[in-house]
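For reference, the structure is listed below as structure tokens.
These numbers come from the heavy atoms of this one structure, side chains and all, not from hydrogens, waters or symmetry mates.
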Amino acid sequence: MGFTEQRFNVNLSILFTELPLLERPAAARAAGFTAVELWWPWLDSPTPEQSELDSLRAAIEDAGVRLTGLNFYAGQLPGPDRGALSLPGAESEQFRANIEVAAGLAESLGCGALNALYGNRIEGVDPAEQDALALENLVLAARAADRIGAILLVEALNRPESPRYPLVSAPAAVEVVDRVNAATGLDNARFLMDLYHLSMNGEDLPSVIDEFAAKTGHVQIADNPGRGAPGTGTLPLADHLDRLCKAGYAGWVGLEYKPGDRPSAEAFDWLPYEARRTP
């Protein structure tokens with residue numbers, strides 16, 4: 001099938017970042033896409049002013065695109081942080097303050113997936129204490145997601161780029177997914193399968209797909225090496241996505257790659273224009 005049978009969205013926190021936030025949804029639409037996703041856009045604020053939330057909502061609606069994925073507050077991302085929910089103290093409190101804000105924005109735009117990054121290990125803090133706090137916060141997030149009819153995503157990152165992040169394999173992330181579902185009984189926690197991160201960890205991607213496709217709620221892609229567009233590295237991404245389809249995955253595929261030394265609008269030449277639009 002190749003790429004033309006997939007449902008792609010554009011991550012506006014890594015693509016079109018040469019533009020102000022409120023101009024990015026329209027730029028994605030002009031490039032032919034009808035769906036977008038975002039990391040939490042306000043790095044310093046889990047609870048931005050309502051006017052800022054309203055402006056982003058209007059920009060997405062006016063552009064004629066769907067928001068299909070949104071991260072909860074994750075600290076400085078991009079930057080040194082990899083989430084807030086397992087960090088005792090102020091960061092955990094900020095995550096909790098963000099839960100209803102993020103869920104409210106997602107609900108207003110019909111967004112069905114909320115991603116909760118786990119957070120780095122902290123020197124001097126017992127990992128078991130962090131894991132217990134993480135589960136408490138993930139349960140709160142899963143319940144908020146359930147109230148708006150959404151799923152909660154748990155993502156594995158890669159060890160070379162995120163050495164203090166504890167979920168650096170597919171089994172580690174899926175174990176957390178299973179713990180959250182057992183704790184809530186809602187069965188709305190799912191694995192976010194980022195093929196770039198998993199490949200950086202040296203995982204056998206066909207085996208990961210076969211084992212965990214049924215527990216996967218979202219997929220993200222970038223080529224490796226380089227985290228560029230498909231075709232800039234060596235990953236057989238079309239083959240991996242075909243395998244996911246055959247394993248039963250029918251969800252969105254997020255384009256979470258760097259455009260390189262060119263405008264983002266020029267970083268989609270691997271995908272025919274007519275294949276970018278999703279009804």
Side-chain angles (χ1 to χ4, degrees), residues 6-13 34-41 46 57 60 65-74 77 82-86 95-96 98-119 134-157 167 169-195 197-198 208-209 211-221 241 244-245 247-256 278:
Q6 316 298 330
R7 293 198 302 159
F8 292 108
N9 64 32
V10 177
N11 189 301
L12 297 181
S13 298
T34 53
V36 299
E37 63 182 31
L38 279 165
W39 303 341
W40 185 248
R57 182 185 303 109
I60 291 170
V65 295
R66 295 173 58 189
L67 182 70
T68 55
L70 177 67
N71 282 21
F72 287 107
Y73 170 78
L77 181 76
R82 297 292 186 272
L85 63 90
S86 67
F95 177 83
R96 292 190 183 197
N98 174 249
I99 289 175
E100 293 301 332
V101 178
L105 178 60
E107 182 179 28
S108 71
L109 288 164
C111 174
L114 289 160
N115 183 28
L117 287 173
Y118 200 83
L135 182 59
E136 290 180 17
N137 284 331
L138 286 167
V139 165
L140 294 174
R143 289 174 177 158
D146 181 68
R147 286 194 293 273
I148 67 166
I151 59 173
L152 174 73
L153 298 170
V154 177
E155 183 175 7
L157 301 183
L167 308 184
S169 72
V174 171
E175 181 181 349
V176 172
V177 167
D178 289 343
R179 288 205 301 266
V180 174
N181 285 331
T184 65
L186 298 172
D187 194 36
N188 72 328
R190 295 289 184 272
F191 175 42
L192 195 168
M193 184 185 292
D194 186 309
L195 298 180
H197 288 310
L198 300 179
V208 168
I209 289 167
E211 186 171 359
F212 298 121
K215 294 187 177 184
T216 297
H218 187 47
V219 172
Q220 292 174 333
I221 63 169
L241 294 181
L244 270 160
C245 286
Y249 180 75
W252 292 97
V253 177
L255 304 181
E256 196 184 54
T278 302

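Evaluation of the side-chain contact (heavy atoms from CB on, under 4.5 Å) rule for Thr184 yields Val139, Ala142, Val180, Leu186 as partners, not counting sequence neighbours. Scored by the side chain to side chain donor-acceptor pair (under 3.5 Å) test, Arg66 finds no partners at all (sequence neighbours excluded). Looking at residues two or more places apart in sequence or on another chain, you find a salt bridge (charged side-chain N to carboxylate O under 4.0 Å, His left out) between Glu256 and Arg227. Glu211 pairs by the salt bridge (charged side-chain N to carboxylate O under 4.0 Å, His left out) definition with nothing, not counting sequence neighbours. Checked against side-chain contact (heavy atoms from CB on, under 4.5 Å), Ala172 has the following partners two or more places apart in sequence or in another chain: Leu167, Ser169. Residues satisfying the salt bridge (charged side-chain N to carboxylate O under 4.0 Å, His left out) criterion with Arg7, sequence neighbours excluded, are absent altogether. Not a single ring pair (Phe, Tyr, Trp, His ring centres under 6.0 Å) links Phe212 to another residue, sequence neighbours left out. Listed by chain and residue number, nothing satisfies the salt bridge (charged side-chain N to carboxylate O under 4.0 Å, His left out) test with Arg82 (two or more places apart in sequence, or in another chain). Remark: Glu136 engages Arg96, Leu133 in a side-chain contact (heavy atoms from CB on, under 4.5 Å) (not counting sequence neighbours).
You'll find the side chain of Asn9 stays beyond 4.5 Å of the side chain of Gln220, heavy atoms only. Asp178 has its side chain within reach of Val174: a pair of non-hydrogen atoms, C-beta onward, lies under 4.5 Å apart. In this structure, Met193 and Ile209 have side chains that are in contact, with non-hydrogen atoms separated by less than 4.5 Å. Leu241 places a side-chain heavy atom less than 4.5 Å from the side chain of Val219. Contact check for Trp40 versus Leu77: no side-chain heavy atoms found under the 4.5 Å cut-off.
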Using the rule given for side chain to side chain contact (heavy atoms under 4.5 Å, CB included), can you reason through Thr278 versus Trp252, listing the C-alpha separation, both sets of side-chain angles and the distance that settles it, and then say yes or no?
CA-CA 10 Å; Thr278 302; Trp252 292 97; 3.7 Å; yes
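Distance alone, capped at 3.5 Å, places no donor-acceptor pair between the His218 side chain and the Gly251 backbone. In terms of modelled atom types and a separation under 3.5 Å, the side chain of Asp146 and the main chain of Ile151 share no donor-acceptor contact.
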Please list, one pair per line, the donor and acceptor atoms closer than 3.5 Å that link side chains of residues 102-117 to other protein atoms, with sequence neighbours excluded.
unit_1	atom_1	unit_2	atom_2	d
Ser108	OG	Arg57	NE	2.7
Ser108	OG	Arg57	NH2	3.4
Ser108	OG	Leu105	O	2.7
Asn115	ND2	Asn71	OD1	3.2
Asn115	ND2	Glu155	OE1	3.1

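Between Phe72 and the options Tyr118, Phe95, Trp39, a ring pair (Phe, Tyr, Trp, His ring centres under 6.0 Å) holds for only Phe95.
The structure places CG of Leu140 at 9.5 Å from CG of Leu135, a figure rounded to the nearest 0.5 Å.
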